[in-house]
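A quick write-up on the structure given underneath.
This one's a predicted model, so the numbers in the text were calculated from it and none came from an experiment.
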Amino acid sequence: MSSHKYFDRICAVIILIALVITVLFMNGEALGIQKIVDADAERNSDSGYFTDNDLNGDWTGYQVRTITLNGDSAKISGTGAYEEYGDIYITQSGYYEISGELSDGSIIVDAKNYSKVWIRLDGVTVNSGDNACLIVENADKVFLTLADASENIFTSGNQYSAEAVENGINAVIYAKDDLTVNGSGSLTVSGGWKHGIKANDDLVITGGVIRVTADGDAIHVNDSFRITGAALDLTAGDEGIDVDGDEEETAGSESGYLYIESGTISIDAQGDGIHAAGDITIDGGEITLHTGKDEIQSDTLYVNHNGNIIIR
(Lines give C-alpha, C1' and ligand atoms only; values in the text may rest on other atoms or scores of the structure.)
Protein backbone atom coordinates (compact mmCIF):
# COMPACT_ATOMS: atom_id res chain seq x y z
CA MET A 1 0.00 0.00 0.00
CA SER A 2 1.33 3.39 -0.97
CA SER A 3 2.27 5.93 1.63
CA HIS A 4 -0.45 8.36 0.60
CA LYS A 5 -3.10 5.72 1.40
CA TYR A 6 -1.65 5.36 4.92
CA PHE A 7 -1.80 9.14 5.20
CA ASP A 8 -5.44 9.17 4.06
CA ARG A 9 -6.37 6.56 6.67
CA ILE A 10 -4.61 8.50 9.44
CA CYS A 11 -6.43 11.68 8.45
CA ALA A 12 -9.76 9.82 8.47
CA VAL A 13 -9.08 8.46 11.96
CA ILE A 14 -8.15 11.93 13.23
CA ILE A 15 -11.34 13.41 11.76
CA LEU A 16 -13.44 10.62 13.34
CA ILE A 17 -11.86 11.19 16.76
CA ALA A 18 -12.47 14.93 16.45
CA LEU A 19 -16.13 14.30 15.62
CA VAL A 20 -16.55 11.99 18.61
CA ILE A 21 -14.97 14.55 20.95
CA THR A 22 -17.23 17.28 19.55
CA VAL A 23 -20.35 15.16 20.09
CA LEU A 24 -19.30 14.34 23.65
CA PHE A 25 -18.56 17.99 24.37
CA MET A 26 -21.92 19.16 23.06
CA ASN A 27 -24.02 16.35 24.54
CA GLY A 28 -21.98 15.32 27.54
CA GLU A 29 -24.60 16.01 30.20
CA ALA A 30 -27.30 14.19 28.24
CA LEU A 31 -24.97 11.20 28.00
CA GLY A 32 -24.38 11.24 31.77
CA ILE A 33 -20.95 12.87 31.70
CA GLN A 34 -20.57 15.23 34.65
CA LYS A 35 -19.14 18.64 33.83
CA ILE A 36 -16.58 19.91 36.32
CA VAL A 37 -17.06 23.60 37.10
CA ASP A 38 -14.88 25.76 39.31
CA ALA A 39 -17.56 27.85 41.01
CA ASP A 40 -14.94 30.11 42.59
CA ALA A 41 -13.10 30.87 39.37
CA GLU A 42 -13.03 34.58 38.62
CA ARG A 43 -14.22 33.91 35.07
CA ASN A 44 -17.29 31.96 36.26
CA SER A 45 -20.48 33.99 36.54
CA ASP A 46 -22.95 31.12 37.05
CA SER A 47 -22.22 30.18 40.67
CA GLY A 48 -24.98 32.22 42.32
CA TYR A 49 -24.37 34.68 45.09
CA PHE A 50 -22.36 32.37 47.39
CA THR A 51 -20.27 29.29 46.68
CA ASP A 52 -19.65 26.39 49.06
CA ASN A 53 -16.16 27.73 49.74
CA ASP A 54 -17.56 31.18 50.48
CA LEU A 55 -19.77 29.67 53.17
CA ASN A 56 -17.22 27.26 54.62
CA GLY A 57 -15.56 29.06 57.52
CA ASP A 58 -14.47 25.86 59.27
CA TRP A 59 -12.21 24.17 56.73
CA THR A 60 -10.31 21.25 58.22
CA GLY A 61 -8.62 18.14 56.92
CA TYR A 62 -6.23 19.98 54.67
CA GLN A 63 -2.47 20.37 54.81
CA VAL A 64 -2.22 23.72 56.59
CA ARG A 65 0.97 25.74 56.69
CA THR A 66 1.39 27.84 59.83
CA ILE A 67 2.76 31.37 60.05
CA THR A 68 3.54 32.65 63.53
CA LEU A 69 4.17 36.38 63.62
CA ASN A 70 6.70 37.68 66.12
CA GLY A 71 7.02 41.45 65.91
CA ASP A 72 9.29 42.12 62.94
CA SER A 73 9.78 38.48 61.93
CA ALA A 74 7.85 35.26 61.50
CA LYS A 75 8.21 31.53 61.89
CA ILE A 76 6.85 29.74 58.83
CA SER A 77 6.23 26.02 58.43
CA GLY A 78 6.22 24.42 55.00
CA THR A 79 6.60 26.02 51.60
CA GLY A 80 4.58 28.69 49.87
CA ALA A 81 5.35 31.64 52.14
CA TYR A 82 8.32 33.65 53.28
CA GLU A 83 9.24 36.75 55.29
CA GLU A 84 11.24 39.66 53.88
CA TYR A 85 11.97 43.01 55.52
CA GLY A 86 9.11 42.60 57.95
CA ASP A 87 6.52 41.67 55.30
CA ILE A 88 4.94 38.23 54.89
CA TYR A 89 4.56 36.93 51.33
CA ILE A 90 2.23 34.07 50.33
CA THR A 91 3.11 32.88 46.84
CA GLN A 92 1.38 29.51 46.39
CA SER A 93 -2.18 28.26 46.49
CA GLY A 94 -3.15 26.32 49.58
CA TYR A 95 -4.15 26.71 53.22
CA TYR A 96 -2.40 28.97 55.73
CA GLU A 97 -3.04 29.71 59.38
CA ILE A 98 -1.62 32.93 60.84
CA SER A 99 -1.29 33.95 64.48
CA GLY A 100 0.71 36.50 66.47
CA GLU A 101 1.63 40.15 65.93
CA LEU A 102 3.34 41.98 63.07
CA SER A 103 4.61 45.29 64.43
CA ASP A 104 5.09 47.18 61.14
CA GLY A 105 4.52 45.25 57.95
CA SER A 106 2.05 43.72 55.54
CA ILE A 107 0.69 40.30 54.63
CA ILE A 108 0.96 40.10 50.84
CA VAL A 109 -0.64 37.44 48.62
CA ASP A 110 1.24 37.32 45.33
CA ALA A 111 0.48 33.95 43.74
CA LYS A 112 -0.45 32.75 40.25
CA ASN A 113 -3.54 34.26 38.69
CA TYR A 114 -5.30 30.87 38.91
CA SER A 115 -4.42 30.29 42.58
CA LYS A 116 -6.94 29.83 45.39
CA VAL A 117 -5.53 30.87 48.76
CA TRP A 118 -7.14 30.17 52.13
CA ILE A 119 -5.90 32.21 55.12
CA ARG A 120 -7.17 31.58 58.64
CA LEU A 121 -6.60 34.43 61.10
CA ASP A 122 -6.33 33.08 64.65
CA GLY A 123 -5.50 35.97 66.96
CA VAL A 124 -3.62 38.23 64.54
CA THR A 125 -2.57 41.84 65.07
CA VAL A 126 -1.03 43.66 62.11
CA ASN A 127 0.20 47.25 62.22
CA SER A 128 1.41 48.93 59.06
CA GLY A 129 2.54 52.53 59.27
CA ASP A 130 2.58 53.43 55.58
CA ASN A 131 0.91 50.58 53.68
CA ALA A 132 -2.04 48.20 53.74
CA CYS A 133 -2.06 45.45 56.36
CA LEU A 134 -3.32 42.86 53.87
CA ILE A 135 -2.62 43.14 50.14
CA VAL A 136 -3.97 40.69 47.57
CA GLU A 137 -1.62 41.49 44.72
CA ASN A 138 -2.35 38.43 42.58
CA ALA A 139 -4.55 35.35 42.94
CA ASP A 140 -7.76 33.98 41.50
CA LYS A 141 -9.54 34.18 44.86
CA VAL A 142 -8.56 34.59 48.51
CA PHE A 143 -10.62 33.26 51.42
CA LEU A 144 -9.96 35.12 54.68
CA THR A 145 -11.32 33.03 57.54
CA LEU A 146 -11.78 34.40 61.06
CA ALA A 147 -11.11 31.51 63.44
CA ASP A 148 -13.75 30.70 66.03
CA ALA A 149 -13.58 33.04 69.06
CA SER A 150 -10.51 34.82 67.64
CA GLU A 151 -9.94 38.58 67.75
CA ASN A 152 -7.98 40.00 64.84
CA ILE A 153 -6.88 43.61 64.42
CA PHE A 154 -5.55 45.42 61.33
CA THR A 155 -4.37 49.01 61.79
CA SER A 156 -2.66 51.26 59.25
CA GLY A 157 -1.32 54.83 59.35
CA ASN A 158 -2.63 58.16 58.14
CA GLN A 159 -0.31 58.46 55.13
CA TYR A 160 0.89 55.69 52.82
CA SER A 161 4.31 55.59 51.19
CA ALA A 162 4.84 57.02 47.72
CA GLU A 163 5.34 53.49 46.39
CA ALA A 164 2.05 52.28 47.87
CA VAL A 165 0.17 55.28 46.48
CA GLU A 166 1.75 54.79 43.07
CA ASN A 167 0.55 51.17 43.12
CA GLY A 168 -2.99 52.34 43.87
CA ILE A 169 -3.10 50.90 47.38
CA ASN A 170 -5.62 52.96 49.31
CA ALA A 171 -7.11 50.79 52.06
CA VAL A 172 -6.19 48.80 55.17
CA ILE A 173 -7.25 45.64 53.35
CA TYR A 174 -6.61 46.00 49.62
CA ALA A 175 -7.49 43.26 47.11
CA LYS A 176 -6.91 43.40 43.37
CA ASP A 177 -8.77 40.10 42.97
CA ASP A 178 -11.79 38.35 44.47
CA LEU A 179 -11.89 38.28 48.27
CA THR A 180 -14.14 36.34 50.65
CA VAL A 181 -14.32 36.89 54.41
CA ASN A 182 -15.95 34.13 56.46
CA GLY A 183 -15.72 32.33 59.79
CA SER A 184 -17.04 33.10 63.27
CA GLY A 185 -14.32 35.27 64.83
CA SER A 186 -13.94 39.04 64.76
CA LEU A 187 -11.92 41.47 62.64
CA THR A 188 -11.30 45.11 63.52
CA VAL A 189 -10.02 47.32 60.69
CA SER A 190 -8.81 50.87 61.43
CA GLY A 191 -7.11 53.31 59.08
CA GLY A 192 -6.70 57.01 58.49
CA TRP A 193 -5.76 56.79 54.81
CA LYS A 194 -8.68 56.42 52.40
CA HIS A 195 -10.73 53.24 52.77
CA GLY A 196 -11.07 50.41 55.26
CA ILE A 197 -11.62 47.44 52.93
CA LYS A 198 -11.13 47.85 49.18
CA ALA A 199 -11.77 45.13 46.58
CA ASN A 200 -11.20 45.79 42.88
CA ASP A 201 -13.24 42.73 41.90
CA ASP A 202 -15.83 40.87 44.03
CA LEU A 203 -16.12 41.04 47.82
CA VAL A 204 -18.12 38.39 49.70
CA ILE A 205 -18.69 38.36 53.47
CA THR A 206 -20.48 35.31 54.90
CA GLY A 207 -19.64 35.38 58.60
CA GLY A 208 -17.83 36.93 61.50
CA VAL A 209 -18.05 40.23 63.35
CA ILE A 210 -16.35 42.94 61.30
CA ARG A 211 -15.74 46.45 62.57
CA VAL A 212 -14.33 49.04 60.17
CA THR A 213 -13.31 52.65 60.84
CA ALA A 214 -11.96 54.63 57.90
CA ASP A 215 -11.30 58.20 56.81
CA GLY A 216 -12.83 57.44 53.38
CA ASP A 217 -15.30 54.64 52.64
CA ALA A 218 -15.57 51.87 55.19
CA ILE A 219 -16.02 49.32 52.39
CA HIS A 220 -15.28 50.19 48.76
CA VAL A 221 -15.85 47.59 46.03
CA ASN A 222 -15.77 47.62 42.25
CA ASP A 223 -17.59 44.61 40.76
CA SER A 224 -20.00 43.30 43.43
CA PHE A 225 -20.51 43.03 47.18
CA ARG A 226 -22.50 40.12 48.65
CA ILE A 227 -23.32 39.65 52.35
CA THR A 228 -24.93 36.90 54.42
CA GLY A 229 -24.73 35.80 58.06
CA ALA A 230 -22.26 38.47 59.19
CA ALA A 231 -22.32 41.41 61.60
CA LEU A 232 -20.83 44.63 60.18
CA ASP A 233 -20.20 47.79 62.21
CA LEU A 234 -18.99 50.52 59.84
CA THR A 235 -17.82 54.07 60.63
CA ALA A 236 -16.80 56.18 57.63
CA GLY A 237 -15.62 59.69 56.85
CA ASP A 238 -17.28 59.27 53.46
CA GLU A 239 -19.59 56.39 52.45
CA GLY A 240 -20.33 53.35 54.57
CA ILE A 241 -20.56 50.96 51.61
CA ASP A 242 -19.75 52.02 48.06
CA VAL A 243 -19.95 49.65 45.09
CA ASP A 244 -18.84 51.79 42.18
CA GLY A 245 -18.91 49.30 39.31
CA ASP A 246 -17.45 49.50 35.85
CA GLU A 247 -18.94 52.32 33.78
CA GLU A 248 -19.04 50.15 30.65
CA GLU A 249 -20.87 47.31 32.42
CA THR A 250 -23.06 48.99 35.01
CA ALA A 251 -25.86 49.77 32.55
CA GLY A 252 -26.63 46.05 32.45
CA SER A 253 -26.49 45.82 36.26
CA GLU A 254 -23.88 43.05 36.00
CA SER A 255 -21.28 45.27 37.64
CA GLY A 256 -21.48 47.42 40.71
CA TYR A 257 -24.30 45.54 42.43
CA LEU A 258 -24.94 44.89 46.12
CA TYR A 259 -26.77 41.86 47.48
CA ILE A 260 -27.70 41.40 51.16
CA GLU A 261 -29.23 38.07 52.10
CA SER A 262 -29.03 38.26 55.91
CA GLY A 263 -26.99 39.59 58.83
CA THR A 264 -26.79 42.85 60.74
CA ILE A 265 -25.22 46.03 59.39
CA SER A 266 -24.71 49.23 61.36
CA ILE A 267 -23.42 52.26 59.45
CA ASP A 268 -22.38 55.69 60.70
CA ALA A 269 -21.22 57.64 57.64
CA GLN A 270 -20.58 61.27 56.78
CA GLY A 271 -21.60 60.59 53.19
CA ASP A 272 -24.10 58.04 51.85
CA GLY A 273 -24.80 55.04 54.01
CA ILE A 274 -24.99 52.62 51.09
CA HIS A 275 -24.38 53.49 47.45
CA ALA A 276 -24.16 51.23 44.42
CA ALA A 277 -23.73 52.06 40.76
CA GLY A 278 -25.68 48.90 39.95
CA ASP A 279 -28.66 47.19 41.57
CA ILE A 280 -29.18 46.93 45.33
CA THR A 281 -31.17 43.86 46.43
CA ILE A 282 -31.97 43.25 50.10
CA ASP A 283 -33.58 39.88 50.87
CA GLY A 284 -33.24 40.07 54.66
CA GLY A 285 -31.20 41.24 57.60
CA GLU A 286 -31.27 44.38 59.72
CA ILE A 287 -29.59 47.59 58.59
CA THR A 288 -29.18 50.60 60.89
CA LEU A 289 -28.15 53.86 59.23
CA HIS A 290 -26.95 57.24 60.47
CA THR A 291 -25.71 59.28 57.53
CA GLY A 292 -24.77 62.76 56.40
CA LYS A 293 -26.32 62.25 52.95
CA ASP A 294 -28.55 59.55 51.44
CA GLU A 295 -29.26 56.42 53.46
CA ILE A 296 -29.49 53.98 50.51
CA GLN A 297 -28.93 54.93 46.89
CA SER A 298 -28.75 52.84 43.72
CA ASP A 299 -28.02 54.36 40.32
CA THR A 300 -30.12 51.64 38.65
CA LEU A 301 -32.56 49.68 40.88
CA TYR A 302 -33.19 49.33 44.62
CA VAL A 303 -35.36 46.44 45.86
CA ASN A 304 -36.02 45.59 49.52
CA HIS A 305 -37.85 42.29 49.85
CA ASN A 306 -37.61 41.59 53.56
CA GLY A 307 -34.90 43.75 55.13
CA ASN A 308 -35.46 45.76 58.31
CA ILE A 309 -34.14 49.29 57.69
CA ILE A 310 -33.67 51.55 60.72
CA ILE A 311 -32.87 55.25 60.18
CA ARG A 312 -31.34 57.21 63.05
Side-chain angles (χ1 to χ4, degrees), residues 64-92 94-111 117-139 142-176 179 181 183 185-199 208-216 218-220 233-237:
V64 179
R65 303 146 185 175
T66 61
I67 301 173
T68 305
L69 307 175
N70 186 21
D72 59 356
S73 63
K75 181 180 179 181
I76 301 173
S77 72
T79 60
Y82 66 92
E83 179 268 330
E84 185 175 71
Y85 302 119
D87 294 326
I88 308 301
Y89 291 84
I90 296 174
T91 60
Q92 294 180 11
Y95 300 83
Y96 302 82
E97 183 168 275
I98 305 178
S99 61
E101 179 177 356
L102 193 62
S103 57
D104 188 9
S106 305
I107 299 170
I108 302 167
V109 178
D110 193 4
V117 177
W118 285 259
I119 300 173
R120 179 185 289 128
L121 301 180
D122 192 2
V124 173
T125 298
V126 177
N127 299 289
S128 184
D130 61 0
N131 206 344
C133 295
L134 173 64
I135 302 169
V136 178
E137 182 66 33
N138 197 40
V142 172
F143 302 90
L144 189 66
T145 297
L146 310 176
D148 184 32
S150 68
E151 295 184 7
N152 307 282
I153 301 171
F154 286 176
T155 305
S156 67
N158 296 329
Q159 180 64 52
Y160 281 10
S161 68
E163 181 181 0
V165 173
E166 184 179 350
N167 289 332
I169 299 174
N170 56 0
V172 184
I173 294 177
Y174 178 80
K176 291 184 178 180
L179 175 65
V181 182
S186 70
L187 174 63
T188 300
V189 177
S190 302
W193 173 250
K194 298 289 185 178
H195 311 308
I197 300 174
K198 168 75 179 292
V209 177
I210 300 169
R211 308 176 187 91
V212 181
T213 302
D215 185 58
I219 296 178
H220 188 101
D233 187 353
L234 310 177
T235 303

Next item on the list: Could you go through the side chain to side chain contact (heavy atoms under 4.5 Å, CB included) check for Ile119 and Val109 one step at a time?
Entry: CA-CA 10 Å; Ile119 300 173; Val109 178; 3.8 Å; yes

Note to self: Other residues, nucleotides and ligands only: do more than 12 of their heavy atoms fall within 6.0 Å of CD on Glu84?
What the structure shows: yes

Next item on the list: Grab the two heavy atoms, one from Gln92 and one from Val117, that are nearest each other, plus how far apart they are.
Entry: O-CG2, 3.8 Å

Item checked: Which atom of Ile67 lies closest to which atom of Ala74, heavy atoms considered -> CG2-CB, 4.3 Å

Next item on the list: State, to 0.1 Å, how close Ala132 and Ala171 come at their nearest heavy-atom pair, and which atoms those are.
Entry: CB-O, 3.1 Å

Item checked: Gap between atom CD1 of Ile90 and atom CG of Leu134 - 0.5 Å precision -> 8.0 Å

Check: Which pair of heavy atoms, one from Val172 and one from Ser156, lies closest together, and at what distance?
Finding: CG2-OG, 3.3 Å

Checklist line | Any donor-acceptor pair under 3.5 Å from Thr235 side chain to Thr213 backbone | finding: no

Notebook entry, point to check: Is a donor on one side and an acceptor on the other found under 3.5 Å between the side chain of Asp110 and the backbone of Glu137?
Noted result: no

Margin query: Is it the case that the side chain of Asn152 and the backbone of Leu187 share a donor-acceptor pair, with hydrogens and angles ignored and the cut-off at 3.5 Å?
Written below: no

Notebook entry, point to check: In Å, rounded to the nearest 0.5 Å, how long is the span from CG of Asp215 to NZ of Lys194?
Noted result: 8.5 Å

Check: Under a 4.5 Å cut-off applied to non-hydrogen side-chain atoms, are Lys198 and Asn170 in contact?
Finding: yes

Next item on the list: Nearest 0.5 Å please: distance from the CD1 atom of Ile169 over to the OH atom of Tyr160.
Entry: 8.5 Å

Next item on the list: Working to the nearest 0.5 Å, report the span between CD1 of Ile107 and CG of Leu121.
Entry: 6.5 Å

Item checked: Asp122 CG to Thr68 OG1 distance, which is reported to the nearest 0.5 Å -> 10.0 Å

Note to self: We want to know whether Ser190 and Thr155 form a side-chain donor-acceptor pair, criterion being a heavy-atom distance below 3.5 angstrom.
What the structure shows: no

Next item on the list: Kindly give the heavy-atom pair with the smallest separation between Glu83 and Asp72, and that separation in Å.
Entry: OE2-O, 3.8 Å

Notebook entry, point to check: Does the side chain of Asn127 come within less than 4.5 Å of Ser103's, by heavy atoms?
Noted result: no

Next item on the list: Would you give the length of the straight line joining atom OG of Ser161 to atom CD of Glu166, rounded to the nearest 0.5 angstrom?
Entry: 9.5 Å

Notebook entry, point to check: So do Leu179 and Ile173 actually touch side chain to side chain, heavy atoms under 4.5 Å?
Noted result: yes

Next item on the list: With Thr125 as reference, evaluate Leu102, Leu69, Ile153 under the side-chain contact (heavy atoms from CB on, under 4.5 Å) test and give the passing residue.
Entry: Ile153

Check: Got a donor-acceptor contact below 3.5 angstrom from the Arg65 side chain to the Thr79 backbone?
Finding: yes

Notebook entry, point to check: Do other residues, nucleotides or ligands put more than 12 heavy atoms under 6.0 Å from Glu151 CD?
Noted result: no

Next item on the list: Quick one: closest heavy-atom pair of Asn167 and Tyr174, and the distance?
Entry: O-OH, 4.1 Å

Next item on the list: Examine distances only and state if a side-chain atom of Asn158 and a backbone atom of Trp193 form a donor-acceptor pair shorter than 3.5 Å.
Entry: no

